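Heavy atoms only: backbone and side chains are in, while hydrogens, waters and symmetry mates are out. In the text below, chain A, chain B and the rest are named by the order of the sequence lines, each starting its count at 1. Note that the structure is a prediction, hence the values are computed from the model and not measured.
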There are 2 protein chains.
Amino acid sequence: MIELTDIVKTYNAGMQPVHALRGISLKIQTGEYVAIMGASGSGKSTLMHLIGCLDRPTSGRFLLAGKEVQTLNQDELADIRNRLIGFVFQQFNLLPRMTALENVMLPLVYAKVSPSIRRERAETVLKLVGLGDRMHHRPNQLSGGQQQRVSIARSLVNEPQIIVADEPTGALDSHTSADIMTLLKELHSQGMTVILVTHDSEIASYARRLIRIKDGLIVGDTLSVST
Amino acid sequence: MIELTDIVKTYNAGMQPVHALRGISLKIQTGEYVAIMGASGSGKSTLMHLIGCLDRPTSGRFLLAGKEVQTLNQDELADIRNRLIGFVFQQFNLLPRMTALENVMLPLVYAKVSPSIRRERAETVLKLVGLGDRMHHRPNQLSGGQQQRVSIARSLVNEPQIIVADEPTGALDSHTSADIMTLLKELHSQGMTVILVTHDSEIASYARRLIRIKDGLIVGDTLSVST
Ligand SMILES: Nc1ncnc2c1ncn2[C@@H]1O[C@H](COP(=O)(O)OP(=O)(O)OP(=O)(O)O)[C@@H](O)[C@H]1O
Ligand SMILES: Nc1ncnc2c1ncn2[C@@H]1O[C@H](COP(=O)(O)OP(=O)(O)OP(=O)(O)O)[C@@H](O)[C@H]1O
Ligand SMILES: [Mg+2]
Ligand SMILES: [Mg+2]
């Protein structure tokens with residue numbers, strides 16, 4: 001389902017070029033549960049943005065559901081994103097002037113779902129992450145962990161085939177983290193492909209496969225022996 | 001040094017009032033090292049903003065270095081903040097159009113330090129958190145953990161007496177976290193008061209005292225038995 005070949009990403013921002021990804025080759029099958037770990041600055045979010053079709057590689061090949069993603073234009077990329085992928089951003093990326101409910105309804109607008117169904121689905125998924133009583137708060141009226149959960153809810157509302165989650169429990173206490181991981185486990189058992197970045201080895205242990213990244217390269221790719 | 005008595009904080013934002021803090025009483029002596037833990041939404045960031053003089057209580061008394069903080073005006077609060085307190089925000093609060101270096105130099109502008117000394121001190125503290133080669137990047141050219149470290153560097157550049165850190169290692173891998181905790185331990189041994197919120201019990205174990213918050217109330221306050 002996901003196949004990266006010699007993926008390179010270099011940032012050129014008027015200073016020293018930053019070689020964020022230096023040649024990544026990776027295959028992820030439909031329905032897999034993969035965790036990605038690595039030091040701060042090693043390239044994890046960069047890799048997630050490429051897999052999530054939010055950014056393009058500098059060079060290399062990216063096959064997603066049979067399509068050559070690096071050749072698609074912006075509209076085609078947006079279409080793939082909206083239909084297939086749910087993305088949880090490391091820093092949430094919520095729209096500040098919308099409520100939690102409105103933020104979660106947004107992907108359904110792109111999917112051309114009717115307003116009443118949009119609202120109903122958004123409310124359901126917000127309750128699933130424990131925010132039933134915070135739906136009408138705006139992001140600056142929510143705690144850090146509540147904003148993170150809105151970001152998680154938004155990624156799930158379109159029933160995506162692939163969840164790309166960049167440190168989805170970073171702002172959560174252990175109890176709330178466990179609730180979120182149980183939710184992801186349930187969705188995975190229903191066929192969803194889960195790719196998550198984490199700094200927490202306990203969170204990584206929910207996955208079947210662990211990929212380690214260092215200085216823009218894959219330095220480890222192992223199957224979990226437990227379960 | 002810090003004394004809270006019956007501190008209440010209620011948010012009224014046009015919807016149901018939220019009783020974020022419901023009567024907190026707490027004393028923290030000069031030079032203590034305190035960790036605060038509690039569920040997502042329990043009131044930790046609200047408490048940290050009050051202690052850090054970034055917000056006022058709805059009611060209750062707050063003595064800081066002998067002054068009745070709840071009676072001070074905005075200028076007096078700003079003065080206390082800039083002289084005594086270094087604050088690490090849960091979501092970093094970096095200025096997007098400034099580089100890492102400029103962001104870290106900002107507290108020294110308020111302290112009326114000369115431009116060359118400002119630059120020198122900011123560079124020193126950025127190197128201390130491992131960002132010597134990222135000084136001229138803006139926040140959106142930095143990874144999540146790098147932004148967090150800029151926020152930490154900024155809180156330390158004014159050599160504050162009290163560090164108020166809201167989940168300072170939330171976006172960091174274990175190795176980088178350990179570096180940051182070693183830095184805080186060193187500063188604490190030099191006399192700094194450290195108050196940190198964390199979801200990670202391993203990070204909390206660096207502190208001498210652990211305060212647990214639940215639904216806006218203190219439900220535990222224990223001294224660490226180790227070390
Ligand atoms: N401006 C606001 N208006 C209304 N409610 C608010 C506002 N800011 C925070 N809240 C609510 O107050 C409660 C406490 O928020 P706070 O940010 O202190 O939690 P926290 O313990 O830091 O949580 P986390 O671990 O998720 O960061 C939350 O339920 C939150 O929804
Ligand atoms: N727009 C950009 N311009 C220049 N350099 C960038 C840009 N975005 C990221 N970088 C750099 O690319 C490297 C990889 O960043 P990335 O965000 O992928 O790291 P990460 O592994 O997610 O780190 P963390 O665990 O701290 O979130 C970092 O060294 C960062 O400074
Ligand atoms: Mg990242
Ligand atoms: Mg918080």
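In this structure, Ser155(B) and Val164(B) have side chains that are not in contact, with every pair of non-hydrogen atoms separated by 4.5 Å or more. Here the side chains of Leu156(B) and Ile163(B) are in contact, with some heavy-atom distance below 4.5 Å. Side-chain atoms of Tyr11(A) and Thr58(A), non-hydrogen and from C-beta on, never get closer than 4.5 Å to each other.
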Next item on the list: Go through the steps for Leu217(A) and His19(A) under the test side chain to side chain contact (heavy atoms under 4.5 Å, CB included), then give the verdict.
Entry: CA-CA 10 Å; Leu217(A) 290 168; His19(A) 303 288; over 6 Å; no
Checklist line | side chain to side chain contact (heavy atoms under 4.5 Å, CB included) evaluation trace for Asn12(B) with Thr10(B) | finding: CA-CA 6 Å; Asn12(B) 288 303; Thr10(B) 301; 4.1 Å; yes
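Under 3.5 Å, the side chains of Ser40(B) and Arg149(A) contain a donor-acceptor pair of N or O atoms.
Contact annotation for Gln147(B): only side-chain heavy atoms (C-beta onward) come within less than 4.5 Å of a heavy atom of chain A. For chain A, no part of Arg138(B) is nearby; none of its heavy atoms comes within less than 4.5 Å. At a 4.5 Å heavy-atom cutoff, the contact between Gln146(B) and chain A is made by backbone and side-chain atoms alike.
Under 4.0 Å is where a charged nitrogen must lie from a carboxylate oxygen, and between Arg22(A) and Asp215(A) no such pair does. Under a 4.0 Å N-O distance rule, the pair Glu32(A)/Arg208(A) does not qualify as a salt bridge.
Annotation for Thr193(B) and Ile28(B): closest pair CG2-CG2, 4.1 Å, computed over non-hydrogen atoms.
Among residues 42-55 of chain B, no residue has any heavy atom closer than 4.5 Å to a heavy atom of chain A. Chain A is approached within less than 4.5 Å, heavy atom to heavy atom, by Leu172(B), Asp173(B), Thr176(B) from residues 172-181 of chain B, ordered by number.
In terms of modelled atom types and a separation under 3.5 Å, the side chain of Gln70(A) and the main chain of Phe62(A) share a donor-acceptor contact. Using modelled atom types, one side-chain atom of Asn103(B) and one backbone atom of Met98(B) make a donor-acceptor pair closer than 3.5 Å.
Taking a 6.0 Å sphere around CZ of Arg212(A), one finds it holds 12 or fewer heavy atoms contributed by other residues, nucleotides or ligands.
Considering only heavy-atom pairs separated by less than 4.5 Å from chain A, the leading option among Ser201(B), Ala20(B), Ser143(B) is Ser143(B). Among Gly170(B), Gly38(B), Ala39(B), Gly130(B), the residue making the largest number of heavy-atom pairs under 4.5 Å with chain A is Ala39(B). Between chain B and the residues Glu167(A), Gln91(A), Met37(A), the most heavy-atom pairs under 4.5 angstrom are made by Gln91(A). With chain B as the partner, the residue from His137(A), Gln148(A), His136(A) showing the most heavy-atom pairs under 4.5 Å is His137(A).
Atom OG1 of Thr169(A) sits about 9.5 Å away from atom CD of Glu202(A), to the nearest 0.5 Å.
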